[in-house]
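Remarks on the structure that follows.
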There are 2 protein chains.
Amino acid sequence: MIDDGWVPDRMCVTVDLVIFTILDGALSALIVERGIPPYAGTWALPGGFVGRHEPLEDAARRELREETGLGAEELHLEQLGAFGDPERDPRDRVVTVAYLALAPDLPLPTAGTDARAARWMAIDSIVSGQLALAFDHRKILRHGLDRARSKLEYTSLASAFCGKEFTITELRNVYEVVWNTKLDPRNFHRKITRAPGFLEPTGRRTTRDGGRPAELYRRGDASLLHPPMLMPTGS
Amino acid sequence: MIDDGWVPDRMCVTVDLVIFTILDGALSALIVERGIPPYAGTWALPGGFVGRHEPLEDAARRELREETGLGAEELHLEQLGAFGDPERDPRDRVVTVAYLALAPDLPLPTAGTDARAARWMAIDSIVSGQLALAFDHRKILRHGLDRARSKLEYTSLASAFCGKEFTITELRNVYEVVWNTKLDPRNFHRKITRAPGFLEPTGRRTTRDGGRPAELYRRGDASLLHPPMLMPTGS
DNA sequence: CCAATAGTGTCTCTTAGACATTATGTA
DNA sequence: TACATAATGTCTAAGAGACACTATTGG
């Protein structure tokens with residue numbers, strides 16, 4: 001914060017979004033195909049520049065809206081952190097602030113103004129390196145994945161992947177997909193129903209063929225999950 | 001990431017540091033008195049502008065070195081996140097990336113080039129609002145406090161507050177000061193010594209008058225604390 | 001009746017939390 | 001010996017994990 005004639009360097013600030021959903025039983029992220037250099041034709045996380053007078057989170061929600069056409073107000077949005085490696089953008093110094101969003105079934109994304117295409121992609125292809133992303137977006141996505149995984153343990157975030165009303169089995173599927181494990185349905189049911197404030201019974205039940213209908217629940221008030229749902233360890 | 005003639009807004013990027021230590025039994029943060037506007041004469045977190053070709057963490061370590069005269073390599077440094085409210089700096093749009101550092105007993109800080117003074121301050125005075133900080137630094141410090149508190153639960157971070165060799169009681173004091181609670185010395189001793197990889201016995205012991213000497217330990221390899229040391233709940 | 005899925009119960013082992021006792025130094 | 005601080009032990013209750021059974025739908 002020096003002001004004795006020396007002028008600080010200015011740089012570009014962007015927001016990038018890691019938007020997860022569960023599609024066909026696979027944890028998937030929203031990616032867009034870049035239409036302009038650098039990395040034209042390469043897939044990337046949705047994102048863009050922050051306006052001069054625009055709060056960071058507003059910018060993130062704006063980009064989310066532009067890329068998905070979804071009312072971003074309903075979505076849980078959480079800052080992942082800043083990524084500012086001087087070499088991360090070949091053009092110029094660009095510091096990006098990454099946000100994480102978890103979404104239930106969304107309408108298929110439509111390409112925005114500055115993207116050729118937009119689509120959901122199973123994160124395995126990205127994490128494994130099979131599909132390369134522009135810039136350091138693979139690293140950012142990796143951070144988002146880690147964050148989502150650990151937040152499932154001690155918050156009631158998992159329900160953000162579900163619709164307004166959901167069953168215990170659907171909720172368990174969220175955990176299983178994000179953690180890439182199998183959980184015991186009985187122990188899961190016991191823990192989740194006993195966690196105070198997590199679930200709110202609706203009294204209604206699913207109508208499906210070939211099995212006993214499941215109770216439907218809504219999100220409860222609690223944002224923290226106590227006691228936590230611990231991810232199974234290798235030990 | 002548009003490049004069709006439109007030029008993105010550029011802004012200043014800074015780093016700010018929440019540096020905690022324990023002084024006289026109180027959790028304290030390093031603050032500096034600003035020598036130049038805005039907020040000249042007001043206390044603030046140490047920090048400064050990021051250079052055009054400087055990685056964010058390098059900038060944080062540089063500022064840490066400049067403000068404390070300490071070899072910042074040994075210190076645990078963790079990004080807290082970006083703070084970018086458009087109104088947070090009256091001069092100009094400034095996005096800051098905050099870092100958290102935990103330090104054992106440090107040499108008394110010496111004022112840097114752009115600060116009149118530097119000192120440790122018990123965080124209670126800051127959190128309570130008794131001492132006002134410049135910009136949104138109180139909010140940032142509050143974030144750092146929350147982060148430190150929760151990280152103590154499931155990481156072996158607490159030892160970062162201790163010197164190279166420390167006793168169980170010293171370690172327990174760290175938890176008690178940061179969490180502002182009392183912990184049962186016996187249960188704490190059991191948990192912490194059983195946590196795999198947390199502690200490494202040195203075989204040596206303290207020499208102090210008026211009590212049985214305590215065993216001295218070093219940090220172990222583990223960075224995660226399993227099972228976690230849960231903060232006592234009000235329930 | 002059978003298939004399929006949902007929900008409940010039981011047992012064991014580990015851990016947290018409360019509390020008493022023993023150990024080892026100095027004055 | 002008195003005192004102060006460190007370390008260990010014991011009990012109880014709660015939760016995790018493994019597993020078997022009952023319930024409710026559609027064909």
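Note on naming: letters A, B, ... go to the chains in the order of the sequence lines (proteins, then strands), and numbering restarts at 1 for each one. We use all heavy atoms of the structure for the numbers below, so side chains are in, but hydrogens, waters and symmetry mates are not.
Look at CD1 on A:I168: it is 17 Å from P on D:dT24, rounded to the nearest Å. Atoms NZ (B:K182) and P (C:dA16) sit 21 Å apart, rounded to a whole Å. Per the geometry, CZ belonging to B:F188 stands 12 Å off P belonging to D:dA7, to the nearest Å. A:E215 has its CD atom 13 Å from the C1' atom of C:dT5, to the nearest Å. Atom CZ of B:R204 is separated from atom P of D:dA6 by 17 Å (rounded to the nearest Å). We find that CZ of A:F166 is positioned 16 Å from C1' of C:dA6, with the value rounded to whole Å. Atoms CD1 (B:I192) and C1' (C:dT15) sit 14 Å apart, rounded to a whole Å.
Comparing the local axis fitted to the first five base pairs of the helix from C:dC1-D:dG27 to C:dA27-D:dT1 with the one fitted to its last five gives a bend of 10°, rounded to 10°.
Counting any heavy atom pair closer than 4.0 Å across all strands shown, B:T169 reaches sugar-phosphate atoms only and no base atom.
Separation of atoms CE (B:M229) and CG (B:L183) is listed at 7.5 Å; rounding is to 0.5 Å. The CG atom of A:L100 sits 11.0 Å away from the CD atom of A:Q79 when rounded to the nearest 0.5 Å.
Distance alone, capped at 3.5 Å, is enough to place a donor-acceptor pair between the B:T202 side chain and the B:L216 backbone. In terms of modelled atom types and a separation under 3.5 Å, the side chain of B:E170 and the main chain of B:T167 share a donor-acceptor contact. Side-chain atoms of A:D184 come within 3.5 Å of backbone N or O of A:N187 as a donor-acceptor pair. Formation of a donor-acceptor pair under 3.5 Å by the A:R34 side chain with backbone atoms of A:A44 is not found in this model.
Contact between the side-chain N/O atoms of B:H189 and the OP1/OP2 oxygens of D:dA6 is not found at any separation under 4.0 Å.
Under 4.0 Å is where a charged nitrogen must lie from a carboxylate oxygen, and between A:R219 and A:E200 no such pair does.
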Report, as a single string ordered 5' to 3', how protein heavy atoms within less than 4.0 Å touch nucleotides 13-22 of chain D: B base, S sugar-phosphate only, - not at all. ---BBBBB--

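The aromatic ring centroids of B:Y217 and B:F166 lie 6.0 Å or more from each other.
Evaluation of the ring-ring contact (aromatic ring centres under 6.0 Å, His included) rule for B:H143 yields B:F83 as partners, not counting sequence neighbours.
Counting only heavy atoms from C-beta on, B:P213 has its side chain closest to C:dG25 among D:dA7, D:dT25, C:dG25.
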